[in-house]
Q: 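Here you go, one structure.
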Amino acid sequence: MDHKHPRLFDEVANAAIPIINTFKSQELANTVNAFAKMDHQHPMLFDEVANAAIPIINTFNSQELANTVNAFAKMDHNHPMLFDEVANAAIPIIGTFTSQGLANTVNAFARMDHQHPRLFDEVAKATIPIIENFTSQELANLLSAIARMRQDSESCHAVYSAVADSIKANQHCLNEASDIDLSAIPYAFLKGGHVDDELLELIGIEISCRGAELFLGAREWGHLAAAFMNFKSPVADKVFELLFRSFLEQVDKSDGRLLE
C-alpha cells in the first residue's frame with residue numbers, strides 16, 4: 001500500500017529492539033526490508049538486526065539473504081561483518097537464488113562498495129545457466145555491479161558474453177527495457193572492457209526508435225556518450241543527435257543558465 005506513517009515505524013523499531021533476538025530469519029529480513037521500502041531511517045534498528053542476524057545467518061534462505069543486504073544498501077547502512085556473513089552463507093546455496101536475488105545481491109554489495117570476489121564469481125557461475133530468466137533491469141544491475149567492483153574472474157567475463165548473446169537472441173527484451181537500463185547496459189560493457197558492436201547497434205536502434213520519448217538525466221546521457229564514443233555507425237550518430245537535442249532542451253528550460 002506504500003502508506004507512510006513515520007511515528008508508527010519509530011514505535012515498531014523501539015519495540016522490536018529489546019526483543020530482536022526472538023526474531024527468526026524471515027522476520028529480520030522482512031523488518032529491514034519494510035523500513036527500506038518506506039525509506040525510513042533507523043540506524044539503531046539496522047545495527048541490532050545485523051547483530052541478531054549474524055549468529056543465525058545460516059538459517060536464512062536465498063530470498064532473505066538478498067532482501068537483507070538489499071535493504072541495508074538502499075538505506076546506505078554500512079555493516080561489513082554482516083555483508084561478509086551473508087556472502088559466506090549465500091555461496092553454498094547460490095543455486096537456489098532467483099535471477100532477481102542474484103542481481104540484487106551483487107548490486108547491494110556494489111552500492112556499499114563491499115568487495116567479495118568469491119561471491120561475485122559464484123553469482124556469475126549461477127547466472128549463466130539461467131540468463132534467459134533475467135529481466136532487462138536485472139541484467140543492468142548485475143552488469144553494473146560487476147563492472148563497478150572491477151570483477152576480473154573468468155566467470156564474470158563470461159557473463160558479458162552470455163548477456164550479449166541473450167539480448168541478440170531475444171531482442172524483445174530491449175523493447176521492455178527502461179530508458180535507464182538502456183544506458184546502463186552498454187556503459188557496463190564499456191567499464192568491464194567488453195566491446196560488442198552488434199549489441200551496441202541493437203541498443204542504438206532501440207534508443208533511436210524512442211527518440212524524443214527518451215527520459216534520461218545528464219548522468220545517463222553521459223554513460224551513453226561514453227559507450228558510443230568509438231562506435232562508428234549511423235546509429236551512433238543518431239544517439240549523439242538525440243543527446244545534443246536533449247542538451248539544447250535543457251539549456252532552453254534553464255533560460256540559458258547552463259551556458260553561463
Q: Are the aromatic rings of Phe240 and Phe228 close, with centres under 6.0 Å apart?
A: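 Phe240 vs Phe228: aromatic centres not under 6.0 Å.
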Q: Are the side chains of Ile20 and Thr31 in touch, meaning some heavy atoms are under 4.5 Å apart?
A: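 A side-chain contact under 4.5 Å is absent here.
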Q: How far apart are the closest heavy atoms of Ala126 and Pro129, and which atoms are they?
A: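 Distance-wise, the nearest heavy atoms are O-CD, 3.4 Å.
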Q: Met229 and Tyr187: same hydrophobic cluster, using ILVMFWY side-chain contacts below 4.5 Å?
A: no
Q: Could you tell me whether the side chain of Asn67 and the main chain of Ala29 form a donor-acceptor pair under 3.5 Å?
A: no
Q: If only atom types and distance count, is the side chain of Asn170 paired as donor or acceptor with the main-chain N or O of Ser166 below 3.5 Å?
A: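 Yes, the answer is positive, given that a donor and an acceptor are paired below the 3.5 Å cut-off.
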Q: For Glu132, does the CD atom have more than 12 heavy-atom neighbours from other residues, nucleotides or ligands under 6.0 Å away?
A: yes
Q: Under a 4.5 Å cut-off applied to non-hydrogen side-chain atoms, are Ile94 and Leu102 in contact?
A: yes
Q: Check for a donor-acceptor pair, side chain of Gln151 on one end and backbone N or O of Met149 on the other, with a separation under 3.5 Å.
A: yes
Q: Closest heavy-atom contact between His116 and Ile91?
A: CE1-CD1, 3.9 Å
Q: Just do the salt bridge (Lys or Arg N to Asp or Glu O under 4.0 Å) check on Glu241 and Arg245 with the steps written out, would you?
A: CA-CA 6 Å; Glu241 179 185 327; Arg245 186 185 304 167; 3.0 Å; yes
Q: Within the structure provided, determine whether Leu200 and Phe189 are in side-chain contact (heavy-atom separation under 4.5 Å).
A: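 In short, these two side chains do not touch, never coming nearer than 4.5 Å.
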Q: Is there a path from Ile130 to Ile185 through hydrophobic residues (I, L, V, M, F, W, Y) whose side chains come within less than 4.5 Å of each other?
A: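 Linked, Ile130 and Ile185 end up in one cluster.
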Q: Run Gln41 and Met75 through side-chain contact (heavy atoms from CB on, under 4.5 Å) and show every step you take.
A: CA-CA 7 Å; Gln41 289 281 357; Met75 302 308 288; 3.6 Å; yes
Q: Would you compute the distance between atom CD of Glu11 and atom CZ of Arg7 and round it to the nearest 0.5 angstrom?
A: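 Spacing of CD (Glu11) from CZ (Arg7) equals 6.0 Å.
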Q: When you measure from the side chain of Ser144 to the backbone of Asn141, do you find a donor-acceptor pair of N or O atoms at a distance under 3.5 Å?
A: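 Such a contact is absent between Ser144 side chain and Asn141 backbone.
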Q: Surrounding CG of Asp76 (heavy atoms of other residues, nucleotides or ligands, distance under 6.0 Å), is the total greater than 12?
A: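 Open.
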Q: Are more than 12 heavy atoms, taken from residues, nucleotides or ligands other than Asp197, located less than 6.0 Å from that residue's CG atom?
A: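 Correct, the count exceeds 12.
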Q: Once you round to the nearest 0.5 Å, how far does SG of Cys209 lie from CG of Asn175?
A: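 If we round to the nearest 0.5 Å, Cys209:SG and Asn175:CG are 8.0 Å apart.
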Q: Set out, in order, the CA-CA distance, both residues' side-chain angles and the distance that settles side chain to side chain donor-acceptor pair (under 3.5 Å) for Ser99 and Asn133, then state yes or no.
A: CA-CA 6 Å; Ser99 58; Asn133 297 343; 5.8 Å; no
Q: Stepwise, does the side-chain contact (heavy atoms from CB on, under 4.5 Å) test hold for Phe46 with His79?
A: CA-CA 9 Å; Phe46 274 67; His79 200 293; over 6 Å; no
Q: Look up atom CD in Gln100 and atom CG in Asn107, then write down how far apart they are to the nearest 0.5 Å.
A: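 Reported to 0.5 Å precision, the distance equals 11.0 Å.
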Q: What is the minimum heavy-atom distance between Leu119 and Ala87, and which atoms define it?
A: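 Closest heavy-atom pair between Leu119 and Ala87: CD2-CB, 4.0 Å.
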Q: Is the closest side-chain heavy-atom distance between Leu28 and Phe60 below 4.5 Å?
A: yes
Q: Would you confirm whether Glu220, through its side chain, and Gly217, through its main-chain N or O, come within 3.5 Å as a donor-acceptor pair?
A: yes
Q: For Val235 and Ser208, work out which heavy atoms get closest and say how close.
A: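 Shortest heavy-atom separation between Val235 and Ser208 comes out as O-OG, 4.3 Å.
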Q: Tell me whether Leu199 shares a hydrophobic cluster with Val195, the cluster being built from Ile, Leu, Val, Met, Phe, Trp, Tyr side chains joined at under 4.5 Å.
A: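 Different clusters: Leu199 never reaches Val195 through Ile, Leu, Val, Met, Phe, Trp or Tyr contacts under 4.5 Å.
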Q: Using the rule given for side-chain contact (heavy atoms from CB on, under 4.5 Å), can you reason through Leu224 versus Leu243, listing the C-alpha separation, both sets of side-chain angles and the distance that settles it, and then say yes or no?
A: CA-CA 9 Å; Leu224 280 176; Leu243 189 158; 5.5 Å; no
Q: Does the side chain of Glu176 reach to within under 4.5 Å of the side chain of Thr135, using non-hydrogen atoms?
A: no
Q: Establish whether Val69 and Ile93 are linked, either directly or via other cluster members, by ILVMFWY side-chain heavy-atom contacts under 4.5 Å.
A: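 As far as the 4.5 Å side-chain criterion goes, Ile93 and Val69 are connected within one cluster.
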Q: Between His40 and Phe9, how do the two ring planes meet: parallel, tilted or perpendicular, split at 30° and 60°?
A: tilted
Q: Could you tell me the separation between the CG atom of Asn14 and the CE atom of Met44, rounded to the nearest 0.5 Å?
A: 8.5 Å
Q: Just do the side-chain contact (heavy atoms from CB on, under 4.5 Å) check on Ile146 and Tyr160 with the steps written out, would you?
A: CA-CA 10 Å; Ile146 291 173; Tyr160 289 96; 3.8 Å; yes
Q: Does Glu27 use its side chain to pair, donor to acceptor, with the backbone of Lys24 at less than 3.5 Å?
A: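 Indeed, once roles are kept as given, a pair shorter than 3.5 Å links the two residues.
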Q: Are more than 12 heavy atoms, taken from residues, nucleotides or ligands other than Arg118, located less than 6.0 Å from that residue's CZ atom?
A: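 For Arg118, atom CZ is not crowded (no more than 12 foreign heavy atoms under 6.0 Å).
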Q: Quick one, Leu139 and Ile131 - any side-chain contact, counting heavy atoms below 4.5 Å?
A: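 Yes, at least one pair of side-chain atoms sits under 4.5 Å.
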Q: In terms of hydrophobic clusters joined by side-chain contacts under 4.5 Å, are Phe23 and Ile56 together?
A: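 Yes, Phe23 and Ile56 fall within the same hydrophobic cluster.
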Q: Is there a side-chain contact between Val163 and Phe134, using heavy atoms and a 4.5 Å cut-off?
A: no
Q: When rounded to the nearest 0.5 angstrom, what distance separates CD in Glu201 from CG in Asp196?
A: 11.0 Å
Q: Would you give the length of the straight line joining atom OG of Ser246 to atom CG of Leu214, rounded to the nearest 0.5 angstrom?
A: 8.5 Å
Q: Any side-chain heavy atom of Phe97 sitting closer than 4.5 Å to one from Val123?
A: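 No, too far: nothing below the 4.5 Å cut-off.
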Q: Take a 6.0 Å sphere around NZ of Lys37 and say whether it holds more than 12 heavy atoms from other residues, nucleotides or ligands.
A: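 No - once you tally the heavy atoms of other residues, nucleotides and ligands closer than 6.0 Å, there are 12 at most.
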Q: For a side chain to side chain donor-acceptor pair (under 3.5 Å) check, start with the C-alpha distance between His77 and Asp47, then their side-chain angles and the critical distance, and finish with the verdict.
A: CA-CA 9 Å; His77 191 96; Asp47 280 338; 2.8 Å; yes
Q: Can you give me the closest heavy-atom contact between Ser136 and Ala177, atom names plus distance?
A: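 In terms of heavy atoms, the two residues are closest at OG-CA, 3.2 Å.
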Q: Please report the closest heavy-atom contact between Val239 and Trp221, naming both atoms and the distance.
A: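 Scanning both residues completely, I find the closest heavy atoms to be O-CZ3, 4.0 Å.
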